[in-house]
A.B. asks: 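Dropping a structure here in structure tokens format, bear with me for questions.
Residue numbers count from 1 along this sequence.
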Amino acid sequence: MSLVVEDLAKRFGRVPALAGVTLAAAPGEFLALLGPSGSGKTTLLRILAGLESPDAGRVSFAGRDFLALAPRERRVGLVFQNYALFRHMTVADNIAFGLSVRPDRPPRAEIAARVERLLSLVRLEGFGERYPAQLSGGQQQRVALARALAIEPRMLLLDEPFGALDARVRKELRLWLREVHDATGVTTIFVTHDQEEAMELADRVAVLNTGRIEQVGAPGELAETPASAFVFDFLGDSNRLPCRVEAGQALFDGWTAPVAGDGSGPATAWFRPHEALLAREGAGAPVRVSGVFAKSAITRLECRGEDGTAFEVDFPKDAPEAGFAVGEAARLRARRVFVFPEAP
């Protein structure tokens, strides 16, 4: 069932939360809404759930006017960051809650059978008689997802569902959530501010900034062809240097790097720490090493330019560049850079 959002706008007082958002999700797609706090992603999710009303715009789902439907009629499953489980109910009763309060409530035996299937799906067989307080945070989040799936939703909405969990549990649940999505095939909209989470889970990612969509694309597309400096900077650690662009080349003091796209004149070049090159002599921006840090298979060097600008440089642990010490002077270049048009 396809989701189409057109020119959606929402203000809270004088603050624009959404400013003309247009977006679509294909049937069965896993779409991540990625952005910093205040970018509008949760507001968009709440409008889809019927918890907020837009000031302007249209939303259709499977060809129907979604905004004309009451929240209960939309049949969406909603999972919050804080689980929102009923503490006085067992796991099984929590999962069955959405079914038990429906006007067309299924027979008791059918509800029990569906609960058992969902407990198996979320890998909590045998936990039905426990209470939320007897579960870990990761297990509670699985119960919350099972409860959302119990009503057989046409669309699943997830609002920072792993935000309250530690890094190791988040990693495990990400893999599990993708498996559940593939098993159910339900159209899923996933809100997160975690770049790694979005890039690992989603079929496509929509990057939001101050109520607008900066770019929508597959994770690989966003990584390889970011549409703006904001997208590049938000998707990972970044460095930047002033340059001049001419004939597809970024020109620096004594060295050049290829860039994609047209244009010429003064610009800012952006590059990732792993694309940086550091040498003790030769061409490059003059910097001084200010920190050396071990990060699993790489060494990260933090450097400062003559004007105090900070740079990060990553090398494999066995690379000769990893031998730099704090206080050493060096020259900084990059293998590949990105140059973006200035925002209007």
Side-chain angles (χ1 to χ4, degrees), residues 34 36 194-200 205 207 209 214-215 217 219-343:
L34 175 66
D194 186 311
Q195 303 92 327
E196 181 180 344
E197 199 166 77
M199 302 293 268
E200 184 175 313
V205 179
V207 182
N209 179 30
E214 292 271 341
Q215 186 175 1
E221 178 186 344
L222 267 61
E224 290 300 318
T225 55
S228 67
F230 175 85
V231 173
F232 184 89
D233 194 33
F234 192 75
L235 290 183
D237 296 333
S238 60
N239 300 302
R240 49 185 171 172
L241 279 171
C243 68
R244 181 174 182 81
V245 175
E246 291 183 6
Q249 293 285 318
L251 310 180
F252 302 88
D253 186 12
W255 62 283
T256 65
V259 296
D262 302 321
S264 62
T268 299
W270 297 75
F271 57 98
R272 300 288 184 209
H274 70 272
E275 297 281 8
L277 299 168
L278 206 64
R280 288 184 169 81
E281 57 185 23
V287 298
R288 190 169 295 275
V289 178
S290 57
V292 180
F293 305 94
K295 295 184 63 179
S296 61
I298 66 169
T299 296
R300 167 161 290 186
L301 303 182
E302 292 186 354
C303 304
R304 293 279 176 180
E306 293 180 326
D307 62 353
T309 300
F311 300 96
E312 295 175 332
V313 183
D314 289 344
F315 295 108
K317 285 185 177 296
D318 57 354
E321 295 90 345
F324 277 95
V326 173
E328 277 195 78
R331 294 283 176 167
L332 176 70
R333 296 184 292 125
R335 296 183 186 87
R336 182 176 67 156
V337 301
F338 290 83
V339 175
F340 305 100
E342 294 294 329

A.B. asks: Might you point out which heavy atoms bring Arg244 and Pro266 nearest each other, and give the distance in Å?
C.D. replies: NH1-CD, 3.5 Å
A.B. asks: The criterion is side-chain hydrogen bond (donor to acceptor under 3.5 Å, both in side chains); which residues satisfy it with Asp237, sequence neighbours excluded?
C.D. replies: Arg300
A.B. asks: Side chains of Ser290 and Glu302: is there a donor and an acceptor less than 3.5 Å apart?
C.D. replies: no
A.B. asks: Supply the atom-to-atom distance Leu241 CG to Phe311 CZ, rounded to the nearest 0.5 angstrom.
C.D. replies: 4.5 Å
A.B. asks: Taking the side chain as everything from C-beta on, heavy atoms only, tell me whether Leu251 gets closer than 4.5 Å to Cys243.
C.D. replies: no
A.B. asks: In sequence, state the C-alpha distance, the side-chain angles, and the governing distance for Arg333 and Glu275, and then conclude on salt bridge (charged side-chain N to carboxylate O under 4.0 Å, His left out).
C.D. replies: CA-CA 9 Å; Arg333 296 184 292 125; Glu275 297 281 8; over 6 Å; no
A.B. asks: Is any side-chain heavy atom of Pro36 closer than 4.5 Å to one of Phe230?
C.D. replies: yes
A.B. asks: When rounded to the nearest 0.5 angstrom, what distance separates CD in Glu214 from OG in Ser228?
C.D. replies: 4.0 Å
A.B. asks: Look at the rings of Trp270 and Phe232 and say which category their plane angle falls in: under 30° parallel, 30 to 60° tilted, over 60° perpendicular.
C.D. replies: perpendicular
A.B. asks: Does Arg331 reach the side chain of Leu278, with side-chain heavy atoms less than 4.5 Å apart?
C.D. replies: no
A.B. asks: Looking only at atom types and distance, does a side-chain atom of Arg272 sit under 3.5 Å from a main-chain N or O of Gly236, one as donor and one as acceptor?
C.D. replies: yes
A.B. asks: To the nearest 0.5 Å, tell me how far Asp314 CG sits from Ile298 CD1.
C.D. replies: 3.5 Å
A.B. asks: With the side chain counted from C-beta on, respond yes when Phe338 and Val259 share a heavy-atom pair under 4.5 Å apart, and no when they do not.
C.D. replies: no
A.B. asks: When rounded to the nearest 0.5 angstrom, what distance separates CD in Glu306 from CZ in Arg288?
C.D. replies: 9.5 Å
A.B. asks: Kindly give the heavy-atom pair with the smallest separation between Ala325 and Val289, and that separation in Å.
C.D. replies: O-CB, 3.5 Å
A.B. asks: Do Gln215 side-chain atoms and Val205 backbone N/O form a donor-acceptor pair below 3.5 Å?
C.D. replies: no
A.B. asks: Kindly indicate whether the side chain of Gln249, heavy atoms from C-beta on, has any atom under 4.5 Å from the side chain of Pro258.
C.D. replies: yes
A.B. asks: Heavy atoms, side chains only, cut-off 4.5 Å: are Val339 and Thr268 in contact?
C.D. replies: no
A.B. asks: Is any side-chain heavy atom of Asn209 closer than 4.5 Å to one of Phe234?
C.D. replies: no
A.B. asks: Counting distance only, does the side-chain N/O of Thr225 pair as donor-acceptor with the main-chain N or O of Glu221 below 3.5 Å?
C.D. replies: yes
A.B. asks: How long is the straight-line distance from CD of Glu328 back to CG of Leu301, given to the nearest 0.5 Å?
C.D. replies: 9.5 Å
A.B. asks: Does NZ or CZ of Arg280 lie under 6.0 Å from the centre of the six-membered ring of Phe324, at an angle within 45° of the ring axis?
C.D. replies: yes
A.B. asks: Provide the closest heavy-atom pair for Phe340 versus Pro226 in the form atom of the first, atom of the second, distance.
C.D. replies: CE2-O, 3.2 Å
A.B. asks: Taking the side chain as every heavy atom from C-beta outward, state whether Leu332 and Asn239 have any pair of such atoms under 4.5 Å apart.
C.D. replies: no
